[in-house]
Each structure stands twice: as C-alpha cells, then as structure tokens.
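Sequential numbering from 1 along the given sequence is applied to the chain's residues.
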Amino acid sequence: MVIRKEFGPLNDDDPVLKELHPFLKEKKEPSKWAGTELDGETAYVYYYFANELS
C-alpha cells in the first residue's frame, strides 16, 4: 500500500493501518517503487504479508 504525503498525514492510529498491522512486513519511505518514480519527494510504502484468513 502506498500513501502519498500530498494527500495528508496518516498516522499509526488510523483505523485501516490498525486493522492491517498484524500483517505488516515492513514500511519504507522511498522516492521510487515498482512503476513509479517521484521527483524529489518520497511516499510511505507499506509491505504486507498476504495469506488466507480462516
């Protein structure tokens, strides 16, 4: 999941991030990722484990 900074702040208390937190693998702040390259800016990129829930 990518959160662009120009869309406003998102903190760890956000309901979506709280719900996904158990599956969080890592969080980075790069300027480029698959298919995207920002010019002089960064974004938050969240990497999650994908698995079946029973």
Side-chain angles (χ1 to χ4, degrees):
M1 176 171 65
V2 177
I3 306 294
R4 299 279 302 264
K5 292 179 180 180
E6 63 263 25
F7 296 128
L10 189 62
N11 61 45
D12 292 336
D13 291 330
D14 182 272
V16 173
L17 293 180
K18 284 179 112 171
E19 186 78 23
L20 292 173
H21 184 73
F23 308 102
L24 182 63
K25 183 177 181 180
E26 90 184 290
K27 175 183 171 185
K28 294 184 175 182
E29 193 177 340
S31 61
K32 63 181 179 177
W33 58 92
T36 304
E37 186 169 347
L38 302 177
D39 187 25
E41 298 178 30
T42 61
Y44 298 110
V45 181
Y46 294 79
Y47 295 90
Y48 293 95
F49 291 104
N51 57 5
E52 282 189 41
L53 297 176
S54 26

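Summarising the geometry, atom CE belonging to Met1 is positioned 3.5 Å from atom OH belonging to Tyr48; distances are rounded to the nearest 0.5 Å.
For Lys27, the side chain to side chain contact (heavy atoms under 4.5 Å, CB included) partners at least two apart in sequence or on another chain are Asp12, Tyr44, Tyr46. With sequence neighbours excluded, no residue forms a salt bridge (Lys or Arg N to Asp or Glu O under 4.0 Å) with Glu19. Listed by chain and number, the residues in a side chain to side chain donor-acceptor pair (under 3.5 Å) with Ser31 amount to none (sequence neighbours excluded). Every residue meeting the side chain to side chain contact (heavy atoms under 4.5 Å, CB included) condition with Leu38, not counting sequence neighbours, appears here in chain and number order: Arg4, Trp33, Thr36, Glu41, Ala43. Under the side chain to side chain donor-acceptor pair (under 3.5 Å) criterion, Glu29 pairs with Lys5, Thr42, not counting sequence neighbours.
Through direct or indirect side-chain contacts shorter than 4.5 Å among Ile, Leu, Val, Met, Phe, Trp and Tyr, Phe49 is connected to no other residue.
Hydrophobic clustering, with ILVMFWY side chains joined whenever heavy atoms are under 4.5 angstrom apart, keeps Phe7 apart from Val2. With hydrophobic clusters built from ILVMFWY side chains whose heavy atoms lie under 4.5 angstrom apart, Ile3 shares a cluster with Leu17.
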